[in-house]
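Each remark here refers to the structure printed beneath this line.
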Protein chains: 2
Amino acid sequence: MPAARADGAGKSGPTLEQVAARAGVGRGTASRVINGSPRVSERTRSAVQAAVAELGYVPNRAARALAAGSMDAVALVVPEQENRLFAEPYFSEILRGVSAELGDTDMQLLLTLIRDQRGRERFAQYAAAHRVDGVLLVSVHGDDPLPDLLREVGMPAVLGGRRSHAEQLPYVDSDNLLGAQLAVEHLLGRGRRKVATVTGPPDIYGARCRLAGYHAALRAAGLESAPPDADDGGFPADGPLVVQGDFTEEGGHRAMRELLARDPEVDAVFCASDVMAAGARLALREAGRKVPEDVALVGFDDSAVARHMDPPLTTVRQPIEEMGRAMVRMLLDLMARAREDPPRTPSGTAGAEQQPRLVLPTELVRRSSS
Amino acid sequence: MPAARADGAGKSGPTLEQVAARAGVGRGTASRVINGSPRVSERTRSAVQAAVAELGYVPNRAARALAAGSMDAVALVVPEQENRLFAEPYFSEILRGVSAELGDTDMQLLLTLIRDQRGRERFAQYAAAHRVDGVLLVSVHGDDPLPDLLREVGMPAVLGGRRSHAEQLPYVDSDNLLGAQLAVEHLLGRGRRKVATVTGPPDIYGARCRLAGYHAALRAAGLESAPPDADDGGFPADGPLVVQGDFTEEGGHRAMRELLARDPEVDAVFCASDVMAAGARLALREAGRKVPEDVALVGFDDSAVARHMDPPLTTVRQPIEEMGRAMVRMLLDLMARAREDPPRTPSGTAGAEQQPRLVLPTELVRRSSS
DNA sequence: CGCATCGATGGGAGCGCTCCCATTTCAGCG
DNA sequence: CGCTGAAATGGGAGCGCTCCCATCGATGCG
């Protein structure tokens, strides 16, 4: 005699039906209580809640997703570039923020590391098939097609960091320009006069902003003539005191040597990332320059390396965790909106709608390298 | 006139039914092809595959999960302790490994950061309700109830790091003992004679192993008498040259000062983590001791700080990414087994079954701090 | 006091898929 | 040439839930 049911295996707990029965109400009513519908009497509500507690009921996500057509899940997509330029604290912090903010909802966090083209396509298809309700994109390159693709299939998405000044998608970014400006002003305020900079890759918008901030500070101090335009582009990406790095330590090292060769009088360097500052610091040591006596050094990111460098590195801190939280809030908002609105074809409203955007402040962290 | 279908919204692509129709077969057959069942003729198979390609069909996970009773998802659970002792490279590396290995299956990765008791209960309930097919637990404390709870509800789980020498659950760990032993032997080989150690919290098994390795090396060199027992406990957690740290930089700093106070002759220190080594390095600098001339320093983990310390820190590297991969492989294996076997009540087979376990080798990374 | 209203409730109809049983087909065999 | 069994296939029965419509009262008003 086969057991009534080969239970114990993958079977889960009680069903809504059972909860309803136990509470002496109908399935629909029980569902209403569980989903917080207001159209339920107080008596009924508590009866159902009691039944839920007694039975230890946990709604079946798959069933809910299938019936409701939403997945109650958002994906955090992280492109995992070869050079893993994007690592260290940034990722953990974002995750912390995202997770914290998501913890209040009962939304799932799906993590997707995209390693290669194949992975990208796979995810694109996955998203196009609406297997998640929203997407958080972090560390997106200027030429990444994924964001627009998501937009086309009507999948709510929020970027962490813009791809350009006129980013079309909703985003949360930090004020890279002002942060860089603060850093350079700080250097200038310390009496430094030959302030150089090691930039990041020019195809990353944030890196361009940091360079723009550098120029802005110099200009404000009257050390450089007015530039073509505002906060983007328009600046010489190169020049006697501007050397391009690539966000790696090795790149910082190389750039610093180049700088020293170009002008031995350099007395301060603003590096667009802490990691590059570490490389620069090495080059300075090799050249017998003391930090900060001979050359003051400032980084960007306030990553772990900054605290552990010798001397500890002055740097610019971004509210990364808060960025994560803000991204989630923004995404949840978009998702709610998408649920209500009839998301007509992209070209519908002629794209006149204003996408939400948020730029968080950065702050200078003074340590002894400057 | 409303479009035949207010499409573009949350609706996903074609259904199995449509694929089947297109291929001119029945739903069951189409399903069989998609799930790789062998009981399908070659002709039919290719017909269905063509239809899938043409329609861009992507199976609906929710429906599949509901019908099949499995979720095609595993959770990676990360306790997020206050002190975030567990951060930096470890987490990213584990994630990289997990993600890479999971990328080959079409299993989803659900990330769960557990912040507090409430979060723990929430996840426990979630798992008990079988909302995932397997769980990866990382950085588990000795007294964490979660693992046993998972075991009770028959949820396949793999630990990253044991809780004790006789861990009952499947686990992947690294050879902490041998790594520590290598480190200390290295110090001894460099002619150091007063080798001290800064330990981690004693309630973490890995930390105890590192201490045991320290003792083992000293003993092998005849610098310490034979201890009570093998590779676990049995050693004095304290002693003239053994000071307890807590895996934090501040703790390492404090411990090093204590060490210097106890015995100014100390000429080498093995710290059970790089971060503590950073703290120790600071204390040494404050005390005017040079590294490595006066005191040689070795850490553990090969985290980012190690490379950026001055001088760069000799340390012990664990194959963390590989641990992540191994955990996934082990978990998938357990899941497959659970699917076949009738997972009877825990007490069933008297727990005589051998749980899979794996201990990966560690390696010494020599830098200039020793 | 009867009828229109509105809130509260019960429960049918699927959501898209897997499982599994019934059916069909066909080769092999006595 | 009819019979048996294996292989291939079709399609019903749900999985547990949300949606939505029909129902049932109770309330308010003419």
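In the text below, chain A, chain B and the rest are named by the order of the sequence lines, each starting its count at 1.
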(message) Just verifying a value: how many Å separate A/Arg122 CZ and A/Asp116 CG, rounded to the nearest 0.5 Å?
(response) 9.5 Å
(request) Check side-chain hydrogen bond (donor to acceptor under 3.5 Å, both in side chains) between B/Asp148 and all other residues, then give those that pass, not counting sequence neighbours. (result) B/Arg163
(request) Before giving the answer on side chain to side chain contact (heavy atoms under 4.5 Å, CB included), spell out for A/Arg329 and A/Arg325 the whole-Å C-alpha distance, their side-chain angles and the decisive distance to 0.1 Å. (result) CA-CA 6 Å; A/Arg329 277 189 299 257; A/Arg325 304 185 85 110; 4.0 Å; yes
(request) Write down the distance between CG (A/Asp72) and C1' (D/dT18), rounded to a whole number of angstrom. (result) 12 Å
(request) Using a strict cut-off of less than 4.0 Å between a Lys/Arg side-chain nitrogen and an Asp/Glu carboxylate oxygen, indicate whether A/Arg22 and A/Glu54 qualify as a salt bridge. (result) yes
(request) Without swapping roles, check the side chain of B/Asp133 against the backbone of B/Met71 for a donor-acceptor pair under 3.5 Å. (result) yes
(message) What is the separation between atom CG on B/Leu16 and atom P on C/dC15, rounded to the nearest whole Å?
(response) 14 Å
(message) Between A/Ser31 and D/dT18, is there a contact of a side-chain N or O with OP1 or OP2 at under 4.0 Å?
(response) yes
(message) For B/Glu17, give me all partners under side chain to side chain contact (heavy atoms under 4.5 Å, CB included), at least two apart in sequence or on another chain.
(response) B/Thr15, B/Arg27
(message) Using the rule side-chain contact (heavy atoms from CB on, under 4.5 Å), only one of B/Met330, B/Arg337, B/Met335 pairs with B/Asp333; which is it?
(response) B/Arg337
(request) To the nearest Å, give me how far apart CD (B/Glu17) and C1' (C/dC15) are. (result) 12 Å
(request) Write down the distance between CG (A/Leu66) and P (D/dG14), rounded to a whole number of angstrom. (result) 17 Å
(request) If a protein heavy atom is under 4.0 Å from the base, mark B; if only from the sugar-phosphate, S; if neither, -; do that for nucleotides 7-12 of chain D going 5' to 3'. (result) -SBBBB
(message) Just the rounded figure in Å: distance from P of D/dC17 to CG of B/Asn60.
(response) 17 Å
(message) Rounded to whole Å, please give me the gap between CZ in B/Arg64 and P in C/dT18.
(response) 5 Å
(request) Please identify each residue that fulfils side chain to side chain contact (heavy atoms under 4.5 Å, CB included) with B/Val58, with sequence neighbours left out. (result) A/Gln125, A/Ala129, A/Arg131
(request) Can you tell me the distance, in whole Å, between the CE atom of A/Met71 and the P atom of C/dC15? (result) 17 Å
(message) Let me test you: for the helix from C/dC1-D/dG30 to C/dG30-D/dC1, what is the angle between the axes at its two ends (five pairs each), rounded to 10 degrees?
(response) 50°
(request) Check whether any side-chain N or O of A/Asn35 sits under 4.0 Å from OP1 or OP2 of D/dT18, and answer yes or no. (result) yes
(request) Find the distance A/Arg61:CZ to D/dC17:P and express it as a whole number of Å. (result) 12 Å
List the atom pairs, donor and acceptor, that lie under 3.5 Å between side-chain atoms in residues 43-52 of chain A and the rest of the protein, sequence neighbours left out.
| residue | atom | partner | partner atom | Å |
| --- | --- | --- | --- | --- |
| A/Thr44 | OG1 | A/Ser41 | OG | 2.7 |
| A/Arg45 | NH2 | A/Ser37 | O | 3.3 |
| A/Ser46 | OG | A/Glu42 | O | 3.2 |
| A/Ser46 | OG | A/Arg43 | O | 2.9 |

